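Structure record follows, encoded as structure tokens.
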2 protein chains.
Amino acid sequence: MATQPRQSQRRRQVLSRERIVEAAIELLDTAGEGALTVRTLTERLSTGSGAIYHHVGTMNELLEAAIDSVIADALAALSTEPAAPVRGLGAAGTPEDEIRAVALGLFDAVTEHPWLAAQVAVQITRNPWGSVTRRVFESIGRPMRALGVPQRDWFATTSTLVHYFLGAIAQNAHTPHGTSDGRTPEGEAERAEFLDTAAGAWQDLDPDDYPFIRAIADQVREHDDREQFLTGINLVLRGIIASYPTRHEIAR
Amino acid sequence: MATQPRQSQRRRQVLSRERIVEAAIELLDTAGEGALTVRTLTERLSTGSGAIYHHVGTMNELLEAAIDSVIADALAALSTEPAAPVRGLGAAGTPEDEIRAVALGLFDAVTEHPWLAAQVAVQITRNPWGSVTRRVFESIGRPMRALGVPQRDWFATTSTLVHYFLGAIAQNAHTPHGTSDGRTPEGEAERAEFLDTAAGAWQDLDPDDYPFIRAIADQVREHDDREQFLTGINLVLRGIIASYPTRHEIAR
DNA sequence: TCCATGTTGGAGCGACGCACCAATGTCCTG
DNA sequence: CAGGACATTGGTGCGTCGCTCCAACATGGA
């Protein structure tokens with residue numbers, strides 16, 4: 001009991017910060033955001049808590065690293081693919097298309113990793129100018145310069161776009177956690193039911209207190225998140241372009 | 001030890017859900033978001049955990065109630081005051097002014113309660129169509145109808161505005177927690193220093209990896225959050241108005 | 001060969017949310 | 001006015017969490 005040979009063979013695979021982050025992301029994806037604990041991580045990697053804390057400083061740093069890894073991958077995948085013909089819109093030629101592509105890339109990343117929404121939101125408030133902001137700003141800023149915005153307003157216009165992204169993405173974290181894998185099959189039906197319940201609740205509100213809510217309850221029920229996300233981007237883009245009369249008109 | 005008379009006089013003041021929520025808000029304001037625990041609440045109200053759980057279901061529900069209370073108060077205070085001449089802009093006559101007033105009301109509420117930003121963000125992702133969304137939508141929707149937006153697009157335009165609010169507010173949760181009370185005196189200097197550090201870090205990034213970030217680092221250092229928030233709102237409003245050619249032109 | 005240095009696993013600490021319950025207050029009924 | 005039904009209270013304890021600390025191991029250079 002006291003003189004065990006510890007372990008016959010150590011380390012079936014070397015432990016590293018990358019491996020830990022990778023395992024953390026996988027855990028979050030498969031078991032939900034509540035499942036990322038030091039203890040489950042030690043079981044998954046068949047190690048102890050000391051080893052983990054040796055590689056990543058604290059639990060929060062691990063979360064930061066996981067977020068940064070997913071965001072970086074999503075944005076890198078975008079700049080890799082030459083054009084985006086299948087991504088929901090035409091070829092990515094105009095700056096507007098590039099901006100839309102980045103936004104949809106983030107949107108889809110959140111769809112694949114539902115825990116991202118809440119974690120990004122928290123991270124943004126805790127560290128407003130951290131790596132997430134930096135990466136997204138850079139990805140949006142590139143095409144922003146081609147929009148005809150004068151340099152002194154680059155920060156203002158980019159901020160506006162990014163803030164819209166973050167807010168919209170935060171609200172649209174689907175898949176109530178648990179089953180994950182949530183793609184189009186029954187995830188879509190589950191989501192429709194969820195929206196229907198919410199819309200119904202809004203429908204039943206007191207018309208005196210919430211006249212506007214009642215008027216749009218139907219639209220809540222029938223709207224598509226991704227499409228609405230795009231509509232919002234187009235609205236903001238239109239506002240930006242309308243402010244600098246060099247170019248004009250956005251599709252639709 | 002076992003036969004103590006319990007307590008001579010019970011309840012110096014009746015415990016109620018309102019009193020608990022009130023104490024929770026005060027705790028969050030004075031001691032930061034990490035300070036709201038059942039144990040600190042019991043000490044503050046000189047009671048036990050059982051009494052608290054009897055009135056509010058779970059810790060999460062208490063947080064929801066606290067958020068809802070603060071948001072409701074902020075929005076109610078807006079509709080009470082007849083006009084808003086001192087609030088940073090002219091009299092609140094046009095629908096645009098009303099929308100700006102609501103947005104700034106939320107912005108200022110977050111400034112007064114720094115914990116609001118993170119909590120609202122989490123709440124939005126966990127319960128996308130909860131009371132926060134409902135209240136903000138209703139407050140924005142009222143003037144939205146006067147903007148010339150056709151009814152079938154009310155939901156889309158309001159969503160866009162609200163999402164921008166949430167994203168911008170999430171990133172601008174000032175006061176690094178702790179001292180609170182943070183008003184203009186040294187809170188402003190502390191914030192300036194914080195921004196200067198962030199901008200400096202952006203300035204030192206690799207120009208090959210982050211050319212855009214480097215180009216706007218100075219604007220990050222010198223910008224004013226509230227002003228930038230307003231600029232963003234105006235951009236979105238311009239985009240909305242430009243989409244429905246009934247009215248036009250926003251100030252500045 | 002042998003020790004310096006970098007890694008590993010796990011026991012243990014303090015703090016958390018929450019379930020549970022005996023003791024007490026409150027108020028209605030006879 | 002007695003007494004019991006019921007709401008409310010205070011507190012103890014359970015399970016779990018993040019994290020610290022340290023002995024046991026691995027590994028490479030002298």
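Just so it is clear, the model here is predicted, and its values are computed rather than measured. The figures here come from the full heavy-atom set of this structure, side chains too, leaving out hydrogens, waters and symmetry mates. Per chain, numbering begins at 1; letters A, B, ... match sequence-line order.
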Plane angle bin for A:F107 and A:F229 - parallel if under 30°, tilted between 30 and 60°, otherwise perpendicular: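 It falls in the parallel class, under 30°.
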Whole-Å distance separating the [atom1] atom of [X] from the [atom2] atom of [N]:
X     : N      : atom1 : atom2 : answer
A:I52 : D:dT20 : CD1   : P     : 14 Å
A:E43 : C:dG10 : CD    : C1'   : 13 Å
B:R17 : D:dT8  : CZ    : C1'   : 16 Å
B:I20 : D:dT8  : CD1   : C1'   : 11 Å
B:H54 : D:dC6  : NE2   : C1'   : 10 Å
A:R44 : C:dT8  : CZ    : P     : 18 Å

Extract from the structure each pairing of a protein N or O with an N or O of nucleotides 15-18 of chain C at less than 3.5 Å, listing the distance.
unit_1, atom_1, unit_2, atom_2, d
C:dG17, OP2, B:V38, N, 3.0
C:dG17, N7, B:R39, NH1, 2.9
C:dG17, O6, B:R39, NH2, 3.1
C:dC18, OP1, B:T58, OG1, 2.6
C:dC18, OP2, B:Y53, OH, 3.3
C:dC18, OP2, B:T58, OG1, 3.0
C:dC18, OP2, B:M59, N, 2.7

A:V220 backbone acceptor or donor facing A:H223 side chain under 3.5 Å: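 Such a contact is found between A:H223 side chain and A:V220 backbone.
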Heavy-atom donor-acceptor pair, B:S46 side chain to B:T42 backbone, under 3.5 Å: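 Not confirmed, B:S46 side chain does not pair with B:T42 backbone.
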A:R214 and A:D204 ion-paired at < 4.0 Å: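 The answer is no: the pair does not qualify as a salt bridge.
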Summary of side-chain hydrogen bond (donor to acceptor under 3.5 Å, both in side chains) pairs that have at least one residue in residues 124-137 of chain A, sequence neighbours excluded: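 Every pair satisfying side-chain hydrogen bond (donor to acceptor under 3.5 Å, both in side chains) with a residue in residues 124-137 of chain A: A:D68-A:S131, A:D68-A:R135, A:R134-B:Y210.
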Phosphate OP1/OP2 of D:dT9 contacted by B:H55 side-chain N/O (<4.0 Å):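 Result: yes.
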Under the side-chain hydrogen bond (donor to acceptor under 3.5 Å, both in side chains) test, residues paired with B:D196 that sit two or more places apart: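 Testing B:D196 for side-chain hydrogen bond (donor to acceptor under 3.5 Å, both in side chains), a comparison that skips the adjacent residues, returns B:R221.
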